[in-house]
S.K.: 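If you scroll down you'll find the structure; I have some questions about it.
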Amino acid sequence: MTDISDGAVPSGELVLSLRGVSKNFGAVSALTDIDLDVHAGEVVALVGDNGAGKSTLVKILAGVHQPTSGTVTFRGAPVTLSNPSTALNLGIATVFQDLALCENLDVVANIFLGRELNPLKLDETAMEVKAWTLLNELSARIPSVRIPIASLSGGQRQTVAIARSLLLEPKLILLDEPTAALGVAQTAEVLNLIERVRDRGLGVVMISHNMEDVRAVADRIVVLRLGRNNGVFYPDASNQELVGAITGAADNSVSRRAGRRQAQSDITQEGQI
Amino acid sequence: MTDISDGAVPSGELVLSLRGVSKNFGAVSALTDIDLDVHAGEVVALVGDNGAGKSTLVKILAGVHQPTSGTVTFRGAPVTLSNPSTALNLGIATVFQDLALCENLDVVANIFLGRELNPLKLDETAMEVKAWTLLNELSARIPSVRIPIASLSGGQRQTVAIARSLLLEPKLILLDEPTAALGVAQTAEVLNLIERVRDRGLGVVMISHNMEDVRAVADRIVVLRLGRNNGVFYPDASNQELVGAITGAADNSVSRRAGRRQAQSDITQEGQI
Amino acid sequence: QSAKVTDATVAFLMPDQASTRYEQHDYPGFAAEMKKLCPGCKVIYQNADADASRQQQQFNSVISQGAKAIVLDPVDSTAAASLVKLAQSQGVKVIAYDRPIPSTPADFYVSFNNEGIGKAIADSLVQHLKSLKIEAGDGGLLQINGSPTDAAAGLIKKGIHTGLDTSGYPILAEYDTPEWAPPKAQQWASGQITRFGKKILGVVAANDGTGGGAIAAFKAAGVDPVPPVTGNDATIAALQLIVAGDQYNTISKPSEIVAAAAANVAVQLLSGETPKAETTLYDTPSQLFIPAVVTAENLKAEIIDKKIVTAAELCTGRYAEGCKKLGIN
Amino acid sequence: MTGTIKQAPPLLDRSDVRVKHETGIGGTVSAFFERVRSGDLGSLPVVVGLAIIWTVFASLNPIFLSSNNLVNLLFDASTVGVISLGIVCVLMVGEIDLSVGSISGFASALVGTLWVNQGWPVALAIVAAVAVGGLFGCLYALLFNRLGMPSFVSTLAGLLAVLGMQLYVLGSTGSINLPYGSPVVNFGQLLVMPHYVSYTLAAIPGIVMLVTGFRTIARRRAANLSAPSAGSIIVRAVAITLVLELIVFYLNQDRGIPWMFGLFVGLVMTMSYALTRTKWGRSMTAVGGNREAARRAGINVRRIYTSAFVLCSMLAAFGGVLAAARLASASQQAGTGDVNLNAIAAAVIGGTSLFGGRGSAYSALLGIVVIQSIANGLTLLDLSSSLRYMITGAVLAIAVIVDSLARQSRVSHGRA
Amino acid sequence: MTGTIKQAPPLLDRSDVRVKHETGIGGTVSAFFERVRSGDLGSLPVVVGLAIIWTVFASLNPIFLSSNNLVNLLFDASTVGVISLGIVCVLMVGEIDLSVGSISGFASALVGTLWVNQGWPVALAIVAAVAVGGLFGCLYALLFNRLGMPSFVSTLAGLLAVLGMQLYVLGSTGSINLPYGSPVVNFGQLLVMPHYVSYTLAAIPGIVMLVTGFRTIARRRAANLSAPSAGSIIVRAVAITLVLELIVFYLNQDRGIPWMFGLFVGLVMTMSYALTRTKWGRSMTAVGGNREAARRAGINVRRIYTSAFVLCSMLAAFGGVLAAARLASASQQAGTGDVNLNAIAAAVIGGTSLFGGRGSAYSALLGIVVIQSIANGLTLLDLSSSLRYMITGAVLAIAVIVDSLARQSRVSHGRA
Ligand SMILES: Nc1ncnc2c1ncn2[C@@H]1O[C@H](COP(=O)(O)OP(=O)(O)OP(=O)(O)O)[C@@H](O)[C@H]1O
Ligand SMILES: Nc1ncnc2c1ncn2[C@@H]1O[C@H](COP(=O)(O)OP(=O)(O)OP(=O)(O)O)[C@@H](O)[C@H]1O
Ligand SMILES: O[C@@H]1[C@@H](O)[C@H](O)OC[C@H]1O
Ligand SMILES: [Mg+2]
Ligand SMILES: [Mg+2]
């Protein structure tokens with residue numbers, strides 16, 4: 001871990017660069033003046049409180065929302081991501097927080113949606129084999145790939161959404177809380193996966209609320225707070241520092257809870273001793 | 001923490017007791033022969049792999065699904081939870097994994113849904129005040145409680161769902177991955193909340209994939225695997241033990257990843273030294 | 001004289017519900033006459049609800065059921081040509097009823113004359129206005145036609161134009177009533193009342209329903225007295241309006257007469273006889289009944305005395321007084 | 001925890017720094033323009049569409065805007081409007097009723113038979129007809145709740161079956177005249193409000209707005225919540241009162257406001273209150289938005305569906321009675337033709353979603369006025385049937401295009 | 001990772017211990033009964049409903065089941081059936097087209113005018129009519145994609161406008177007879193398949209099932225996936241061939257299978273292939289199920305909507321041409337009345353959802369046969385119109401009750 005934190009600017013090509021990106025929803029300014037860089041072979045973790053604007057940022061990069069102002073540069077050229085297929089064609093693959101799966105289609109159909117093999121005579125067998133391969137790679141436990149998404153558990157759905165994003169040959173992968181609903185084994189596989197993907201020279205943006213996971217795979221940690229940049233950290237930053245930047249106060253519920261538990265366990269231990 | 005683990009059977013009244021509960025969805029047996037007890041003033045954590053059947057179990061207790069076989073006893077009397085309002089009337093409040101909010105209603109309306117103040121002339125002011133109070137308790141960051149749920153972030157929605165469940169005076173609270181989408185501060189508040197609720201003598205069932213959170217608040221940890229009981233643990237169980245029970249193998253992706261990382265960091269450190 | 005039929009199947013296919021006469025008069029009349037002429041014969045009755053393709057289905061169906069003669073009141077007079085062809089290719093006799101089938105001659109045609117009806121109501125109204133010495137001046141008449149998608153309505157419309165075009169009274173405005181719907185007629189008439197006000201000297205409406213709608217519009221606009229409004233079909237509701245002095249005329253269609261004639265023709269055709277034709281229309285041997293225009297003056301003679309409607313049915317409640325004035329008890 | 005509360009600014013709902021808030025009268029005005037710019041306009045676009053239609057028709061024939069003609073328009077709008085109000089109920093829960101036309105026709109036939117032919121007291125006949133209407137709603141609800149039969153299918157079956165009953169009831173007579181001069185027919189054709197009544201009624205919305213507005217301000221201030229400024233409430237109340245009184249003044253130049261229209265508007269306002277300010281209305285919206293979430297919240301979903309279906313068919317029956325009064329006749333054609341489509345279209349044009357969970361009682365009012373304006377405007381022009389159909393279609397499209405454009409802009413501003 | 005694979009059983013898709021799998025012919029049979037028990041029946045319930053209807057009508061009038069009558073039924077079913085097939089397309093994406101009736105009528109009027117009156121070659125006239133139909137679809141798609149106008153409103157406007165055009169085109173003449181004896185009219189009224197052709201065609205589905213079935217088995221085995229047993233495929237293929245040949249045999253007792261019905265079934269099968277086995281069909285289902293998810297998957301959502309609207313209105317136009325051929329006339333009534341409702345109802349009764357994302361081309365076939373059976377059966381009974389309406393409604397409800405009951409049971413077994 002420490003081997004990366006020393007270099008402030010990673011070596012890979014600058015894949016993505018945002019300057020002054022803002023997004024308003026009516027009277028709400030979800031994002032204000034955001035700057036962000038992602039290099040090839042780099043995992044950037046995007047962290048922040050609930051409603052900090054992380055998903056909004058990802059959706060802008062995925063072409064789902066259009067920014068109110070600001071510029072996006074992708075592999076050196078300024079781009080307008082006017083819809084999701086533009087982003088996909090540029091090589092930006094996204095796992096959305098709300099997953100964006102079609103509940104009425106089965107697992108195979110969802111994984112291959114928009115990228116079906118053999119458009120005029122769908123090759124169901126080949127697609128099914130590929131689907132199982134991807135899912136097994138993620139340690140998924142899915143009873144059948146021929147049942148509609150509607151009857152899958154939360155974690156199973158999330159695995160399907162992640163499997164989707166592996167189908168492309170993207171330049172940049174955006175993962176919005178990819179492990180939120182995953183079991184311990186599946187989480188470990190996804191973290192492995194992120195590392196493999198990074199090693200293949202892709203840029204990765206990962207959003208997570210789990211500081212441990214973030215620290216485990218991120219090369220750089222970008223903090224958003226109330227829609228604004230609130231500092232860049234490296235995996236060796238202390239928990240305290242990170243949580244402070246996220247919540248905007250050194251005295252926050254996390255630190256208070258930690259303090260209280262410490263005190264409590266001291267008392268208990270004293271009592272037991 | 002260790003003060004509880006020594007007593008295998010907690011002292012409070014037996015709030016809920018399941019015996020031999022099974023649930024089939026067509027050809028899939030989601031749950032087989034599940035036994036579970038929850039006492040007053042006890043937090044039971046329900047853990048298991050994705051698709052293990054945790055949410056199915058919670059839905060049976062919330063009256064959403066009916067079990068294929070088995071009995072449910074609530075506060076000493078056998079009950080049939082034929083629909084959600086039966087469960088709510090018995091005093092079982094639930095936060096569902098899929099949140100089950102009405103996207104077209106605003107935050108206040110969702111929190112009070114089914115329990116509006118002053119049915120013939122809704123008391124919007126009182127409801128709004130109460131909503132803000134509940135949300136502030138959870139450290140929620142919500143721009144306005146008068147916008148439809150559809151425009152909230154994932155974590156904001158989860159906070160709303162949790163706030164909903166606090167409105168009742170329940171005997172038993174079921175929380176299905178309540179912190180999955182929450183930020184660090186909000187997670188800490190929810191854990192605080194669970195402890196407060198337990199101290200008020202309620203029974204709590206919490207599902208989570210985060211072993212740290214589980215260990216922090218649970219009095220007992222019940223493991224499900226492939227729809228069956230797979231052991232009961234106490235918070236002092238080792239991570240290895242728990243993960244082993246969840247994945248069903250000592251050699252699993254979690255342990256492998258841990259091992260690999262350990263080895264890697266050893267090498268790095270050696271190289272650096 | 002060839003052998004009289006004793007057990008044939010005869011179909012009676014009517015076009016729609018818009019006029020109640022088909023179910024209330026035509027079919028009962030036909031069935032009664034058939035019973036008299038051929039007690040062993042079976043009569044199949046169908047109504048196409050103004051749907052030409054449904055009528056085709058019904059036509060096919062009665063042939064499947066063994067009908068050897070079909071009395072057909074076509075929804076669409078033009079389209080019915082193919083039905084006639086189909087029947088004749090299978091040796092089934094077709095009697096055009098009520099509405100003619102111009103392009104392909106049926107075996108016989110029995111009817112009131114729709115174009116004649118249109119002309120009759122228009123003429124009757126014009127005469128009435130003239131007898132009241134009402135000058136056209138800058139006033140004129142409203143014309144309310146039937147459904148734009150109904151061929152029979154087209155014939156009535158043509159007849160009305162024949163009657164009005166030479167009358168000296170200009171047509172202020174004209175309207176095709178979708179589905180013959182009275183509320184539509186009312187709405188349109190209301191608009192014309194705001195537009196033309198007192199200039200409206202009378203309304204030629206193609207049937208009693210649309211005429212009733214026009215009367216309602218005048219009443220609602222507070223126009224008193226209501227200018228003369230025509231009708232057609234002699235429904236009880238319309239006769240009552242005539243009794244009350246709100247409607248000027250209607251057409252009495254004692255359809256039982258036509259229906260009985262059709263039954264006679266059917267039995268003759270089935271027996272291999274050639275029915276006697278009074279005239280030929282569209283190359284079809286025809287028997288055309290001239291319907292009577294009914295106004296307050298001849299209502300008793302045309303309706304009550306001919307037992308088309310009983311005094312008890314007509315003179316209910318508030319109409320009793322008006323009846324008395326017309327000498328009906 | 002105390003920390004969080006300490007940090008919070010004085011007003012509970014103004015703690016988020018990302019939200020722009022406007023205050024005072026100036027704020028209200030600028031917030032309004034901000035909303036217009038971002039396309040969040042409520043029913044304004046349809047009103048604009050309506051204004052365009054009116055301008056065009058008025059320029060083609062000035063009589064269109066004569067108060068006499070507008071009074072006709074209000075009479076005609078009331079009957080289908082009441083039916084459309086029922087449609088709003090079923091659409092709110094994401095269902096449909098295709099049989100409202102038939103039910104309205106059957107109800108008018110029943111009133112005709114029971115009152116005129118059987119000699120029942122007219123009030124009793126009306127109550128009976130509306131109750132019978134309600135029975136059909138019960139039946140649909142039963143089929144829906146117990147058998148899960150889609151309402152599209154059950155009410156399609158109902159459309160046919162009830163039409164059969166209507167024909168059967170009228171069978172022997174064809175159509176039945178409702179006596180001219182009877183109170184019911186007068187109500188449907190002539191009765192208008194005395195001028196002082198209409199002026200008074202037109203003042204009420206403004207007064208209610210003021211009273212509840214000030215009460216809300218007081219309560220919200222007391223509860224430490226932001227409150228609208230007194231000025232903005234006064235401005236709005238005055239504006240609405242002015243507009244309403246002007247309309248009333250104009251219509252009073254001729255006959256005045258029909259009582260029947262007053263009844264319709266009264267029903268719309270009651271329904272609006274029920275949908276927005278009661279637990280029942282909240283439950284309707286919830287069931288229409290997410291049935292399963294509503295069920296999990298403990299709402300008796302079946303009862304909500306039943307109430308929607310029953311209300312819809314009772315209003316349809318009542319609308320049928322009004323239509324009979326308007327025409328002074330109960331005929332076999334009553335309720336056939338485009339009554340169904342017009343009733344549904346009015347609700348949809350007014351902004352109620354076909355897919356449930358979004359709508360308002362006012363959409364029935366607005367939508368039916370649009371539809372009737374087109375019909376009425378065209379009756380004043382001498383057009384062939386074919387042109388009439390084409391123009392109706394085109395004008396309908398235009399009326400909604402404005403709304404669609406506004407919605408587009410709303411979506412692109414993240415307000416959908 | 002290798003560990004996971006090592007633990008997995010040989011077949012990729014049989015690794016989950018919680019799922020029961022049936023194999024072989026016995027397995028197929030018992031799986032079928034398990035499905036029946038849990039209510040997962042596909043279109044079986046509607047077929048059962050149909051069987052009930054047929055039994056009742058046959059017992060009331062044996063002529064109902066005469067092959068002559070059934071052949072008539074097939075002729076009649078084909079025209080609205082084709083229109084209904086188009087409706088399936090728009091319903092799949094969660095939209096509606098209320099103007100199919102008008103478009104079919106306009107298309108028949110166009111063919112009449114262009115061919116009979118203007119002397120165009122008949123094929124060209126048909127192509128022109130279908131193309132013009134497609135234009136309306138384009139227009140709806142444009143209004144929907146660019147302005148977000150709900151299809152309910154745009155096609156309602158279309159319903160009126162196109163009806164106006166139909167009246168306009170037929171204006172001077174009212175209706176136009178298509179020449180009796182011309183190939184088109186013969187096709188619509190008389191042409192049936194020679195017996196050997198119908199027997200051959202009826203064998204094809206079974207053969208295709210066998211060939212693709214065995215190919216699939218081979219491919220899946222090779223890919224280490226579970227595969228259906230050869231026995232079960234043979235059983236199914238034989239069963240379907242037997243049923244089809246029996247039907248053909250029965251109908252060949254009289255005239256035989258109409259070519260027009262053959263064309264309709266061919267269209268249904270093509271559409272079914274397109275919806276289930278092509279990328280386009282997958283996209284249609286996805287857009288209907290979750291439009292936003294489909295968009296995020298890079299699907300050109302606008303193009304999908306356009307294809308649905310255009311296909312629907314082209315099929316409507318083509319159905320109108322067939323209806324004109326069937327009637328040998330293009331009239332002002334063509335496409336009015338209940339064509340719209342029947343076409344939509346057929347799709348819904350056959351099991352296509354009004355809310356998008358769920359449906360099949362076969363629902364048009366099944367639904368229209370149900371509707372035509374009711375209509376046809378009732379024409380064989382001597383009934384007054386009022387009774388006929390009531391009974392049609394009731395029978396329609398019964399046909400769907402079976403399906404609804406099955407769905408209920410499916411839901412309670414967690415299969416919804
Ligand atoms: N479509 C929308 N309309 C209005 N407001 C929106 C919309 N989408 C997001 N917002 C607002 O923008 C802010 C940022 O939302 P976003 O989803 O980006 O948060 P986030 O950082 O992803 O939070 P979380 O950790 O909870 O997922 C929130 O306050 C939210 O209410
Ligand atoms: N309605 C349903 N129909 C069919 N199968 C279902 C249905 N609901 C759940 N299942 C199946 O039951 C199994 C258990 O699902 P459940 O949602 O209980 O898992 P879970 O333990 O909550 O998993 P996660 O951690 O991913 O939330 C899964 O394999 C799922 O596919
Ligand atoms: O009686 C009229 C009939 O002759 C005509 O064909 O259709 C309309 C009826 O009113
Ligand atoms: Mg987010
Ligand atoms: Mg779960």
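No experiment lies behind these values; they were computed from the predicted model shown. Every chain is numbered from 1 and lettered A, B, ... according to where its sequence line falls, protein lines coming before strand lines.
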S.K.: Does Gly183(A) offer a backbone N or O that forms a donor-acceptor pair with the side chain of Asp49(B) under 3.5 Å?
M.R.: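 No; judged by distance alone, with no hydrogens or angles, the pair does not exist.
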S.K.: How long is the straight-line distance from OG of Ser153(A) back to CG of Asp98(B), given to the nearest 0.5 Å?
M.R.: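 Asp98(B) atom CG to Ser153(A) atom OG measures 11.0 Å (nearest 0.5 Å).
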S.K.: Please identify, among Val243(B), Leu182(B), Leu242(B), the residue contributing the most non-hydrogen atom pairs under 4.5 Å to chain A.
M.R.: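 Option with the greatest count: Leu182(B).
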S.K.: Distance from Arg257(A) atom CZ to Thr187(B) atom OG1, nearest 0.5 Å?
M.R.: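 One finds 10.0 Å between CZ of Arg257(A) and OG1 of Thr187(B).
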S.K.: Between Gln158(B) and chain A, with a heavy-atom cut-off of 4.5 Å, which part of the residue counts as in contact: side chain, backbone, both or neither?
M.R.: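 Contact with chain A involves no heavy atom of Gln158(B) at all.
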S.K.: So, taking the atom named CG in Asn192(A) and the one named CZ in Arg260(B), what distance separates them when rounded to the nearest 0.5 Å?
M.R.: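 Rounded to the nearest 0.5 Å, the CG-CZ separation comes out at 4.0 Å.
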S.K.: Heavy-atom distance under 4.5 Å to chain B: side chain of Glu212(A), backbone, both or neither?
M.R.: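 For Glu212(A), the side chain is the part near chain B, not the backbone.
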S.K.: Please check if the side chain of Asn50(B) supplies one atom and the backbone of Ala181(A) the other of a donor-acceptor pair under 3.5 Å.
M.R.: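 Yes; judged by distance alone, with no hydrogens or angles, the pair exists.
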S.K.: Checking Gln156(A) against chain B: side chain, backbone, both or neither under 4.5 Å from a heavy atom?
M.R.: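 Looking at Gln156(A), backbone and side chain both touch chain B.
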S.K.: In the structure I gave you, are the side-chain heavy atoms of His209(A) and Gln186(B) within less than 4.5 Å of one another anywhere?
M.R.: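 No, too far: nothing below the 4.5 Å cut-off.
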S.K.: Under 6.0 Å from the CZ atom of Arg225(B), do we count more than 12 heavy atoms belonging to anything else shown?
M.R.: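 Buried by this count: over 12 neighbours within 6.0 Å.
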S.K.: Report which part of Asp176(A) has an atom under 4.5 Å of a heavy atom belonging to chain B: side chain, backbone, both, or neither.
M.R.: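 No part of it gets close to chain B.
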S.K.: With heavy-atom distances below 4.5 Å as the criterion, would you say the side chains of Met211(A) and Val184(B) are in contact?
M.R.: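 Yes, their side chains come closer than 4.5 Å.
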S.K.: Looking at Gln240(B), I want to see if its CD is surrounded by more than 12 non-hydrogen atoms of other residues, nucleotides or ligands under 6.0 Å.
M.R.: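 No, CD of Gln240(B) has 12 or fewer neighbouring heavy atoms, counting only those of other groups under 6.0 Å.
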S.K.: Where on Leu191(A) is there a heavy atom nearer than 4.5 Å to chain B: the side chain, the backbone, both, or neither?
M.R.: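 For Leu191(A), backbone and side chain are both near chain B.
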